[in-house]
Amino acid sequence: MYAQSTPAIRLSSLARKLVENGLMSEEQAMSAMAKAGEKGRTFTSHLVREKIIDAAGFAHLAAEDFGMPLIDLSAMNFKHAPLDVVKEDLLRKHLIIPLAQRGKRLYVASADPGNKAGMDEIAFSTGFIIETVLAPYNAIDGAIDRALANTAQAFSELTDQEDDLDNLKFDAGEQQEDKADAGLEGADEAPVVRFVNKVLVDAIRKGASDIHFEPYEEEYRVRFRIDGVLVTQVRPPKKMAPRLSARLKVMASLDIAERRVPQDGRIKLNISKGQAFDFRVSSCPTLWGEKIVLRILDSSGAFLGPEKLGFEPQQHEDYLAAINKPYGMVLVTGPTGSGKTVTLYTALGLLNDEGRNISTVEDPVEIRMSGVNQVQQNAKQGLTFAAALRSFLRQDPDIVMVGEIRDLETAEIAIKAAQTGHLVLSTLHTNDAPATVARLTNMGVPAYNIVSTVHLVLAQRLARTLHTCKVREDVPPEVLQKAGFSEEEIEAGMELYTAKGCDQCTAGYKGRSGVFQVMPISEAMEEIILSGGGALELARQADREGVIDLRRAALNKVKSGKISLVEMNRVTKE
């Protein structure tokens, strides 16, 4: 009998090129193909995983064979790479690293050009369309380590910082340090203390409004809200979560042993003799640990001046005219985080002098202003908005500010104050200025009380302003028309800009500007209110009187080059 021969293995085109270029012998190529088949791998995947041949030579030939571009990762700066889009285990499993994100496309460097299944898994995990370029597998390994190193460096490099992080002064909770250390099983907490201090200082330097410490099943991340958008800053090791939470709670004088219910506290950070920042701290138990959010309370926002808020010229005049009246009510409306408090405190800053008695009740007091009597609401102790307002009326006030009109009782007392010779400033939560009047009516406030007290209603949003690195954008006329521009504006031509991004900004944006609808209550509007007219009728009358709405105000900022068309659509969705 003749022995049955093993079928000859035919070399693929890539394997043949590797042999022809002397990167491996024909026997090595045939052996690699056979072993790849036994392990259920492709030939390229097997070579990459087993690191059989020279990485650079293989990458060049693979790029030629697969018709894919080859990239030099040593020249890449991963500071702005979207590393948080793909989990670390997938990066290492498939030897890929994200390079850039453009819309719904994610560009990644891969060491294995034949790894279609891996790219499909990443596409499914991220929800992005994956575009691939090639890089040597040893370069990918090194790049992943470098790119993810900021997690480790967040702790190890803090000792090399110029900032004197050990000498920062905190006014709340330091007396509980021993208790906190005991609760942390005696671990050396110096790196944790310095890490938290560094995060707080970085947040202030970058102009963040909030800091989010977030635990998840397999990771822990710290995000800053910069110009209204959350941006991931660092991913500390998951095992550090309890220590970070305990440190923050100690600083805010919270109970570190209580992890089942939400807690609220406050931190005051004294950076130097003349510079201090307040943080409002909120802890909330989640499935994987305590999420802690710090709101940075920046008092500098109270002294911007009305000319820097972002008003149109006519809006600026109407705003100043209303707040300089001796009595009546000025209402500011908008969603949470739209800058209502800053707008009201800008008014208080203009009115604050020795000849006036100004009192405020807020929940919480976010901006501290000398010369203003500020009261923190405490519903548990009976100090509600309504109770504080009643007290104010017995304290000889000139100007009263109420953090928010939430119910009929507060509204009635505020209106009474406005009717008896006091200027009342307050906020409500509605979508635009005309809807604010309807909201008061729905609360049960009589129409005659509204028309006798409310002088001005102001609706606002905050839009991210373009940095100086902005670039011109060509937009089709039909898109401009759909956005809201008139045919005359389109025909006249406009220079529109979009975000680019550089080292001095955040994704092409730097700072925010207000987008306003400023609606003085005219006699015609008073008649509509008294006759039971709704928000739609008021909006039509406002339009007839030349009051621009939020969309038109945003369009004007797009025309002036201050904001992008994308940002306008984000803050004034129709």
Side-chain angles (χ1 to χ4, degrees), residues 318-319 321-323 325-336 338 340-341 343-344 347 359-363 375 377 379 382-395 397-460 516-542 545 547 549-550:
D318 292 337
Y319 172 78
I323 65 172
K325 289 187 176 181
Y327 62 89
M329 186 180 290
V330 174
L331 298 174
V332 181
T333 184
T336 301
S338 60
K340 300 186 296 296
T341 301
T343 299
L344 290 178
S359 297
T360 75
V361 55
E362 303 165 75
D363 182 25
V375 175
Q377 183 198 234
L383 184 55
T384 62
F385 283 133
L389 268 174
R390 287 194 190 93
S391 176
F392 289 167
L393 294 179
R394 296 190 291 270
Q395 296 258 317
D398 294 297
I399 300 167
V400 173
M401 190 187 95
V402 187
E404 182 184 350
I405 294 178
R406 297 175 178 174
D407 51 49
L408 179 59
E409 184 183 14
T410 305
E412 286 177 337
I413 301 171
I415 285 172
K416 179 182 177 182
Q419 289 174 331
T420 54
H422 310 99
L423 178 64
V424 178
L425 311 177
S426 190
T427 71
L428 280 90
H429 284 284
T430 59
N431 290 327
D432 58 16
T436 303
V437 177
R439 170 75 174 133
L440 289 174
T441 304
N442 292 338
M443 278 186 182
V445 178
Y448 58 83
N449 277 341
I450 296 175
V451 299
S452 67
T453 56
V454 179
H455 294 318
L456 182 83
V457 182
L458 185 154
Q460 70 178 81
F516 297 96
Q517 179 186 25
V518 179
M519 188 180 80
I521 303 299
S522 65
E523 290 185 5
M525 291 183 187
E526 290 177 355
E527 291 178 4
I528 292 172
I529 297 169
L530 287 171
S531 63
L536 187 58
E537 291 179 67
L538 280 174
R540 288 171 180 163
Q541 180 60 32
E545 295 180 11
V547 175
D549 61 14
L550 290 166

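Using a distance-only test at 3.5 Å, with no hydrogens or angles considered, a donor-acceptor pair links the side chain of His455 to the main chain of Tyr327. At least one donor-acceptor pair under 3.5 Å links the side chain of Tyr319 to the backbone N or O of Ala347. Looking only at distances, no side-chain donor or acceptor of Gln517 sits under 3.5 Å from a matching main-chain atom of Val547. When atom types are taken as modelled, the side chain of Thr441 and the backbone of Val437 share a donor-acceptor pair closer than 3.5 angstrom. Put simply, the side chain of His422 gets close to the backbone of Ala417: a donor and an acceptor are under 3.5 Å apart.
Of the N and O atoms on the side chains of Gln395 and Ser359, not one donor lies less than 3.5 Å from an acceptor on the other residue. In this model, a donor atom of one side chain and an acceptor atom of the other lie less than 3.5 Å apart for Gln419 and Asn449.
Annotation for Glu409 and Ala386: closest pair CD-CB, 3.6 Å, computed over non-hydrogen atoms. In terms of heavy atoms, Ala414 sits closest to Ile405 at CB-CD1, 4.4 Å. Shown here for Ala459 and Ala433, the closest heavy-atom pair between the two residues is CB-N, 3.6 Å. Considering every non-hydrogen atom in both Val361 and Phe385, the closest pair reads O-CE2, 3.4 Å. When all heavy atoms are compared, the tightest approach of Phe392 to Val400 is CD1-CG1, 3.8 Å. Nearest heavy atom pair, residue Ala535 against residue Ala438, reads CB-CB, 4.3 Å.
With rounding to the nearest 0.5 Å, the separation of CG in Asp432 from OG1 in Thr430 is 6.5 Å. In this structure, the separation between CZ on Arg406 and NE2 on His429 is 7.5 Å, given to the nearest 0.5 Å. Distance CG/Leu428 to CG/Leu440: 5.5 Å, rounded to 0.5 Å. Here the straight-line distance linking atom OG of Ser531 with atom CD of Glu526 works out to 11.5 Å at 0.5 Å rounding. Taking CG from Asp407 and OG1 from Thr384, the interatomic distance works out to 7.5 Å, rounded to the nearest 0.5 Å. Rounded to the nearest 0.5 angstrom, Thr453 OG1 and Leu423 CG are separated by 11.5 Å.
Counting heavy atoms from C-beta outward, Ile413 and Arg390 have side chains that approach closer than 4.5 Å. Counting only heavy atoms from C-beta outward, the side chains of Val451 and Ile521 never approach each other to under 4.5 Å.
Atom CG of Asn431 is surrounded by 12 or fewer heavy atoms from other residues, nucleotides or ligands within 6.0 Å.
The side chain to side chain contact (heavy atoms under 4.5 Å, CB included) test with Thr427 singles out one residue from Leu344, Leu331, Thr341, Thr333, and that residue is Leu344.
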Item to complete: Test Met519 against Gln541 for side chain to side chain contact (heavy atoms under 4.5 Å, CB included), laying out the working first.
Response: CA-CA 10 Å; Met519 188 180 80; Gln541 180 60 32; over 6 Å; no
Fill in: side chain to side chain contact (heavy atoms under 4.5 Å, CB included) between Val330 and Leu458, worked out
CA-CA 8 Å; Val330 174; Leu458 185 154; 5.7 Å; no
Item to complete: Take Ile528 and Arg540 through the test side chain to side chain contact (heavy atoms under 4.5 Å, CB included) and record every step on the way to the result.
Response: CA-CA 11 Å; Ile528 292 172; Arg540 288 171 180 163; over 6 Å; no
